[in-house]
Amino acid sequence: MQPIKIATAQFEHHSNDKAYNLRIIRELAAQARSQGAKVIAFHECSITGYTFARHLNKAELTAVAELIPEGESIQALTQIAAELDMVILAGLFEKTADGKLYKAYVCVDASGLVAKYRKLHPFINPHLTPGDSYVVFDLFGWKCGILICYDNNIIENVRATTLLGADIIFMPHVTMCTPSPRPGAGFVDPALWFKREEDPTSLRAEFDGLKGRSWLMKWLPARAYDNGVYVVFSNPIGMDDDQLKNGCSMILDPFGDVIAECRALGNDLGIATLTPEKLKQAGAYRYKNARRPELYGDIIAAAHSSVQKVAWLKEQ
């Protein structure tokens, strides 16, 4: 493996406006390429928009979703990747010929679809089918995995993807700034977003506090540190339907250190060079080798009925 320069992006998507979102994806990808990045990652449902889908019935969601790889958005991403000589990762709703709906995230290069992952723990719409497999694929000699948003809250998913060989895990999200039993959590007033130019301080205080970045930093560095992997975290900024999101897209190294982060109160890029040496220098490389699965393999694999609740989403 050789060092690789990767970008993570944040932008304010428009709900159910694929043409607009793909235009912004192209603009940000071109900026990243001009700075030497070979790969760029966007957030969960960056092509379609996200939270608006909670209002849709099955027919409406099916109309938003696309076949993969035949759909127009994958073709558009492939064209952008070919024009820029770049790898692009982005998210959308997927439909299948047999009528199923998934939350998907794709990796595309100039030749087309490289990898597709389906969210294991979807919740934004009851008509979504959970994915049932992990994905590990090759980019420029690096092994990469994908876990979407809630999937990363279940730590077994991150460990499993790592044990399947991932050196880099792309973690696209639409997260933060929602209510929770956790102290300090809650929505951020959209009025602050619309006044961000005249009063950036108040907005930044909300974005960086316990509603946002301070919560993220409780757990995201641990996912990288405990597993000894690079983490590419992508998250939208601005209005997502009626909710305000805070961005903070970032890249973390296997030591759990933030090595690039989006800090603008608007569309932005974070770019970092990933080096293979850190994968073996990190403590988790030694800790993974010291595992004793005979002690806990049966415990982790014991029968369990999955119950998933999202505090802010009332329509379960």
Check residues 99-116 and write down every donor-acceptor pair under 3.5 Å in which the side-chain atom is one partner and the other belongs to a residue at least two apart or another chain.
| residue | atom | partner | partner atom | Å |
| --- | --- | --- | --- | --- |
| K103 | NZ | E44 | OE2 | 2.9 |
| Y105 | OH | F42 | N | 3.4 |
| Y105 | OH | F42 | O | 2.6 |
| Y105 | OH | L89 | O | 3.4 |
| D109 | OD1 | S111 | N | 2.9 |
| D109 | OD1 | S111 | OG | 2.6 |
| D109 | OD1 | G112 | N | 3.3 |
| K116 | NZ | E94 | OE2 | 2.8 |

Given side chains that start at C-beta, do those of I168 and V39 come closer than 4.5 Å, heavy atoms only?
-> no
Flag this pair as yes if the NZ/CZ of K119 is under 6.0 angstrom from the six-membered ring centre of Y150 and inside a 45 degree cone about the axis; otherwise no.
-> no
Does any N or O in the side chain of D240 come within less than 3.5 Å of the main-chain N or O of Q243, such that one atom is a donor and the other an acceptor?
-> no
Without swapping roles, check the side chain of E66 against the backbone of S73 for a donor-acceptor pair under 3.5 Å.
-> yes
Mind checking whether L147 and H173 have side chains closer than 4.5 Å, heavy atoms only?
-> no
Quick one: ring pair (Phe, Tyr, Trp, His ring centres under 6.0 Å) partners of F207, sequence neighbours excluded?
-> none
Residues I124, F93; criterion side chain to side chain contact (heavy atoms under 4.5 Å, CB included); working and verdict = CA-CA 11 Å; I124 198 65; F93 293 103; 4.2 Å; yes
Between the main-chain N or O of A9 and the side-chain N or O of S249, is there a donor-acceptor pair closer than 3.5 Å?
-> yes
Do D253 and L274 have side-chain heavy atoms sitting under 4.5 Å apart?
-> no
Hits for ring pair (Phe, Tyr, Trp, His ring centres under 6.0 Å) against W312, two or more places apart or cross-chain, chain-then-number order -> none
Judged by atom type as modelled, is there a donor-acceptor pair below 3.5 Å linking the side chain of K5 to the main-chain atoms of I271?
-> no
Do any N or O atoms from the side chain of N125 and from the backbone of A53 form a donor-acceptor pair under 3.5 angstrom?
-> yes
Name all residues meeting the ring pair (Phe, Tyr, Trp, His ring centres under 6.0 Å) criterion together with H43; count only those two or more places apart in sequence or in a different chain, and write none if there are none.
-> F11, H13
For N57, does the CG atom sit with more than 12 other heavy atoms under 6.0 Å from it, leaving out its own atoms?
-> yes
Please answer whether the main-chain N or O of Y230 pairs with a side-chain N or O of D167 as donor and acceptor at a distance below 3.5 Å.
-> no
Does R26 have any side-chain hydrogen bond (donor to acceptor under 3.5 Å, both in side chains) partners at least two apart in sequence or in another chain, and if so, which?
-> E83
Give the intermediate values and the outcome of salt bridge (charged side-chain N to carboxylate O under 4.0 Å, His left out) for residues R213 and E261.
-> CA-CA 11 Å; R213 190 180 187 275; E261 182 177 358; 2.8 Å; yes
Taking R33 for the side chain and A30 for the main chain, is one N or O donor matched with an acceptor at less than 3.5 Å?
-> no
Student check: side-chain heavy atoms of E72 and K18 closer than 4.5 Å | yes
Under-4.0 Å salt bridge between R54 and D241 | yes
Taking every non-hydrogen atom, the tightest pair across G145 and T161 = CA-CG2, 3.9 Å
L244 vs F194 side-chain heavy atoms within contact, under 4.5 Å | no
Transitive ILVMFWY cluster of Y225, excluding itself - 4.5 Å side-chain cut-off | Y287
Are any non-hydrogen side-chain atoms of V307 and K309 less than 4.5 angstrom apart?
-> yes
